[in-house]
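What follows is one structure encoded as structure tokens, with my remarks underneath.
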Amino acid sequence: MAESPVQPKSKRHTISRPIFERTFNINSEQAIRVIRNSYHRLMVSLYAIDVILRIIGREETVDEIESLVSQMIAECAEQLQQEKLRLEKLKADNGISETPTYTHPREFVAKIASPQIAQFVELIRLLDQLMIVMDTLWLCQVISNKHCIEARYQWQQRLQRLANKIVTMERHAHQAAYEQGHGEEVRLARQESGLLDEPAELSENEYSLVNETESDKASGQ
């Protein structure tokens, strides 16, 4: 009797996952830089964390990380909002009603692949709003050029530092999965999820941002 032909292995398919696409106009250079330097990698890292930890049977850890990320973003948003309210009061106290236009605003198409990405997108928009109020006060000579330059930089770095911390979480989760013997399983899952086999590297400068202390953050306010 003829042998049955060997059946080819089933091809792994890329996972179809839900996203929202939302388009925003971003005005300030600081918010544009956060998008350019941090947004895409952050979106990939949050999704990768979910993929990796569920593979190794750590769904409770996924929930913990999601909660931690949401808390960190919410705390940063609260600080941004408080500063925005303070500067808006300063603007009102000086009788300023003008709002500047920007020479090179950008259209930002946000791909919302998780609730935490949605939170971070709102954080970027809040940073943009804060920068607009700050630039208004600078143009109207209410705050000095030196103060404005320092504050712009510190707020931009605060968001990028937060994004880098989340990317570092992904690297740690990836390493832990390999150490527990799930390396090949994780590699295949990353491929079918449209991710790189290995997480993106942080530059030396980005690692230094991750390791800055809370007192360093406070000095930027």
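- Applying the salt bridge (charged side-chain N to carboxylate O under 4.0 Å, His left out) test to pairs two or more places apart or on separate chains, those with a residue in residues 102-125 are Glu122-Arg125.
- Side-chain contact between Phe120 and Val69 is absent, with no heavy-atom pair separated by less than 4.5 Å.
- Interatomic distance, Leu159 CG to Asn37 CG, rounded to the nearest 0.5 Å: 11.5 Å.
- Separating the NZ atom in Lys91 from the OG1 atom in Thr136 is a distance of 4.5 Å, to the nearest 0.5 Å.
- Between the CG atom of Leu46 and the CD atom of Glu66 there is a distance of 8.5 Å, given to the nearest 0.5 Å.
- Through direct or indirect side-chain contacts shorter than 4.5 Å among Ile, Leu, Val, Met, Phe, Trp and Tyr, Tyr102 is connected to Ile132.
- Cluster annotation: Leu80 is not connected to Leu85 through the hydrophobic network of ILVMFWY side chains, with a link wherever side-chain heavy atoms come within less than 4.5 Å.
- Applying the side chain to side chain contact (heavy atoms under 4.5 Å, CB included) rule to Ser67 yields no partners; only residues at least two apart in sequence or on another chain are considered.
- Val133 is not listed as a side-chain neighbour of Gln129, based on a closest heavy-atom distance of 4.5 Å or more.
- Contacts of Phe24 classified as ring pair (Phe, Tyr, Trp, His ring centres under 6.0 Å), with partners at least two apart in sequence or in another chain: none.
- Residues Ile143 and Leu90 come closest through the heavy atom pair CG2-CD2, 4.3 Å.
- Between Val167 and Val44 there is no side-chain heavy-atom pair separated by less than 4.5 Å.
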Worked verdict on Val109 versus Arg22 for side chain to side chain contact (heavy atoms under 4.5 Å, CB included): CA-CA 6 Å; Val109 180; Arg22 297 172 181 165; over 6 Å; no
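- By the side chain to side chain donor-acceptor pair (under 3.5 Å) test, Gln119 pairs with Ser70, sequence neighbours left out.
- For residues 131-146, the salt bridge (charged side-chain N to carboxylate O under 4.0 Å, His left out) pairs, not counting sequence neighbours, are Asp135-Arg152.
- Gln156 is linked by a side chain to side chain contact (heavy atoms under 4.5 Å, CB included) to Gln30, Arg33, Val34, Gln160, counting only residues two or more places apart in sequence or in another chain.
- Minimum interatomic distance between Gln79 and Trp155 (heavy atoms only, all atoms of both residues): O-CH2, 3.7 Å.
- Evaluation of the side chain to side chain donor-acceptor pair (under 3.5 Å) rule for Ser144 yields no partner, not counting sequence neighbours.
- Taking CD1 of Ile19 as the reference point, atom OG of Ser114 lies at 11.5 Å (rounded to 0.5 Å).
- Here CD of Gln116 is found 10.5 Å from CD1 of Ile65. Values are rounded to the nearest 0.5 Å.
- Evaluation of the salt bridge (charged side-chain N to carboxylate O under 4.0 Å, His left out) rule for Arg86 yields Glu83 as partners, not counting sequence neighbours.
- Between Asn25 and Asp128, the closest heavy-atom pair is O-OD2, 4.1 Å.
- Smallest separation of non-hydrogen atoms from Leu127 and Ala31: CD2-CA, 3.8 Å.
- Atoms CD1 and OG, on Ile124 and Ser38 in that order, are 8.0 Å from each other to the nearest 0.5 Å.
- Closest approach of Leu162 and Leu123 over heavy atoms only: CD2-CD2, 3.8 Å.
- By the salt bridge (charged side-chain N to carboxylate O under 4.0 Å, His left out) test, Lys84 pairs with Glu88, sequence neighbours left out.
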Would you mind writing out the side-chain donor-acceptor pairs for residues 71-78 within the sub-3.5 Å range, not counting sequence neighbours?
from, atom 1, to, atom 2, distance (Å)
Gln71, NE2, Glu75, OE2, 3.2
Glu78, OE2, Gln82, NE2, 3.4

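- Listed by chain and residue number, Trp138, Ile149 satisfy the side chain to side chain contact (heavy atoms under 4.5 Å, CB included) test with Asn145 (two or more places apart in sequence, or in another chain).
- For Ile117 against Met43, the heavy-atom pair with the smallest separation is CD1-CA, 3.1 Å.
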Worked verdict on Ile35 versus His40 for side chain to side chain contact (heavy atoms under 4.5 Å, CB included): CA-CA 7 Å; Ile35 293 168; His40 177 71; over 6 Å; no
